[in-house]
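Have a look at the structure below, then the notes.
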Amino acid sequence: MPELPEVEVTRLSFADAIAGGTVLSARMGKPLRWPLGLEPMALTGKTVLRVRRRGKYLLLDMSEGLLLVHLGMSGSVIFNKNLPSPGVHDHFDLVTDLGTLRLNDPRRFGAVVYASGESDPVARKLLGHLGVEPLGREFDFKVFHEALAKRKAPIKQVLLAGDVVVGVGNIYASEALFLAGIRPTTKANRLSRPRLMRLHKAIFDVLSRAVEKGGSTLRDFSNAQGESGYFQLEANVYGRSGHACRICASTIKAIRQGQRSTFFCPLCQKP
DNA sequence: AAAAGCCCCTGGATGC
DNA sequence: TGCATCCAGGGGCTTT
């Protein structure tokens, strides 16, 4: 489910509310993608200092150590006081004196992992290979250009891999390539500098716009206050195969790339 | 080093 | 109504 915008919207929706909260108890439901790394109750007494984001990971800095939270494909988080007793897909509760953070994740591709710090091996394994943050100052065009020049894979799949830029998932990869006028199958190293400049800008624009709109709610995404996002209403290509392109009225096409769907306009997006 | 496939898991939509 | 099949916002791991 969640790409960078949804994770960022989630973060913004509870970061201030949980900051300063001291853990009273914690519980795990069914196992998630990776083990927590300690007994849930060992989190008791730690304080949540702040919530950051790295790629699609939420980082909860604790008074000692940090929690890495990933929403996988179907995860969502809610933060509130007096939550009802956990449902079948509620797999992690962090009860603090300011409220409870609860992860709901039917498919359980998500994870909550404790690390002693960012140099902890488990944190390095999950975060160490990540590319640049697209909404930060470090998203430099020259670096982007040089990284893509080394890649012969289709540009869509390079974007998805997340080792050049983080946070661009299946929706926003298709959307950014549409805005840049680039065919998703074009090999990354075959793109000219002007076209890459358009792509660089498109990635920033589409992700920031999606954050503004509260993310995309396709099936079940909502922020920690239970509110839906609206960016999907603005999608130009994602999920629109067979429909008319909003720009040129051509029929939007769907193809498969690496076991994932890709959507594009055959006229607006040049190989 | 980089690319391509394979899984992990559940639920909703679709088709017969 | 019942059952099979396909598809879904991710990404680490293994194999080429």
Side-chain angles (χ1 to χ4, degrees), chain A residues 1-11 29-35 53-58 68-77 87-91 103-113 121-131 134 146-176 184-190 203 206-207 210-211 213-223 228-235 237-242 254-263:
Chain A
M1 139 216 158
E3 306 181 35
L4 183 150
E6 291 73 36
V7 178
E8 180 64 7
V9 164
T10 296
R11 186 185 75 82
K30 285 187 177 181
L32 295 166
R33 179 162 190 178
W34 298 296
R53 181 189 54 74
R54 178 73 178 101
K56 297 171 189 168
Y57 287 89
L58 291 167
L68 315 190
V69 178
H70 198 290
L71 303 179
M73 285 283 266
S74 58
S76 62
V77 135
V88 278
H89 299 309
D90 294 327
H91 300 304
L103 174 68
N104 179 277
D105 186 4
R107 292 177 71 182
R108 292 189 284 127
F109 289 174
V112 183
V113 175
V122 68
R124 298 184 93 109
K125 183 185 76 166
L126 299 179
L127 308 176
H129 60 96
L130 294 183
E146 286 169 0
L148 292 184
K150 299 174 190 162
R151 301 296 203 97
K152 298 177 183 171
I155 182 63
K156 157 85 172 346
Q157 289 173 258
V158 175
L159 293 178
L160 274 191
D163 49 357
V164 175
V165 201
V166 292
V168 183
N170 211 35
I171 298 178
Y172 301 108
S174 281
E175 293 299 317
T185 46
T186 307
K187 294 184 186 331
N189 64 345
R190 300 285 299 275
I203 290 169
V206 76
L207 294 178
V211 172
K213 300 300 284 185
S216 296
T217 297
L218 265 50
R219 269 158 279 278
D220 48 14
F221 172 74
S222 62
N223 67 26
S228 294
Y230 295 95
F231 184 83
Q232 72 281 3
L233 302 174
E234 297 184 13
V237 288
Y238 186 86
R240 298 195 66 241
S241 57
I255 57 173
R256 299 289 290 180
Q257 291 182 286
Q259 288 98 246
R260 315 293 298 277
S261 299
T262 300
F263 302 87

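Everything quoted here is computed from the prediction, not taken from an experiment. Throughout, a chain's letter reflects where its sequence line sits, starting with A, and its residues are numbered from 1.
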Which heavy atom of [X] sits nearest to which heavy atom of [Y], and what is that distance?
{"X": "A/Asn170", "Y": "A/Leu160", "result": "N-CD2, 3.5 Å"}
{"X": "A/Leu32", "Y": "A/His91", "result": "CD2-CB, 3.8 Å"}
{"X": "A/Ile171", "Y": "A/Leu218", "result": "CD1-CD2, 3.8 Å"}
{"X": "A/Pro2", "Y": "A/Val7", "result": "CB-CG2, 4.0 Å"}
{"X": "A/Pro154", "Y": "A/Thr185", "result": "CB-O, 3.8 Å"}
{"X": "A/Ala188", "Y": "A/Val158", "result": "CB-CG2, 4.1 Å"}

When you measure from the side-chain N and O atoms of [X] to the phosphate of [N], is any distance below 4.0 Å, counting only OP1 and OP2?
{"X": "A/His89", "N": "B/dG11", "answer": "yes"}
{"X": "A/Ser74", "N": "B/dG11", "answer": "no"}
{"X": "A/Lys30", "N": "B/dC9", "answer": "no"}

Less than 3.5 Å apart, any donor N or O on the side chain of A/Thr262 or A/Arg256 sitting next to an acceptor on the other?
no

Value in whole Å for how far the [atom2] atom of [N] lies from [atom1] of [X]:
{"X": "A/Leu32", "N": "B/dC9", "atom1": "CG", "atom2": "P", "answer": "12 Å"}
{"X": "A/Arg256", "N": "B/dA4", "atom1": "CZ", "atom2": "P", "answer": "15 Å"}
{"X": "A/His91", "N": "B/dC8", "atom1": "NE2", "atom2": "C1'", "answer": "13 Å"}
{"X": "A/Met73", "N": "B/dC7", "atom1": "CE", "atom2": "P", "answer": "17 Å"}
{"X": "A/Gln232", "N": "C/dA8", "atom1": "CD", "atom2": "C1'", "answer": "15 Å"}
{"X": "A/Leu218", "N": "B/dG11", "atom1": "CG", "atom2": "P", "answer": "19 Å"}
{"X": "A/Gln257", "N": "B/dA3", "atom1": "CD", "atom2": "C1'", "answer": "13 Å"}
{"X": "A/Lys156", "N": "B/dA3", "atom1": "NZ", "atom2": "P", "answer": "15 Å"}

Mark yes or no for a side-chain to base donor-acceptor pair under 3.5 Å between A/Arg107 and B/dC9, with no hydrogen or angle criteria applied.
yes

Taking for each residue the nucleotide of DNA chain B bearing the nearest heavy atom, is the 5' side occupied by A/Val88 or by A/Gln157?
A/Gln157

Between B/dG11, B/dA2, C/dG10, which nucleotide gets closest to the side-chain atoms of A/Glu3?
C/dG10

Taking atom P in both C/dC3 and B/dC9, what distance in whole Å separates the two?
23 Å

In 5'-to-3' order, the base (B), backbone-only (S) or no-contact (-) status of each nucleotide in nucleotides 11-16 of chain C, using a 4.0 angstrom heavy-atom cut-off, is BSS---

When all nucleic acid strands are considered with a 4.0 Å heavy-atom cut-off, which category describes A/Gly169: base, sugar-phosphate, or nothing?
sugar-phosphate

Ring-plane angle category for A/Tyr238 and A/Phe263, please: parallel below 30°, perpendicular beyond 60°, tilted otherwise.
perpendicular

I'd like to check, for A/Phe109, whether its ring lies over the base of B/dC9 with centroids under 5.5 Å apart and a plane angle smaller than 30°.
no

Counterpart base for C/dA4, defined by Watson-Crick or G-U wobble contacts under 3.5 Å:
B/dT14

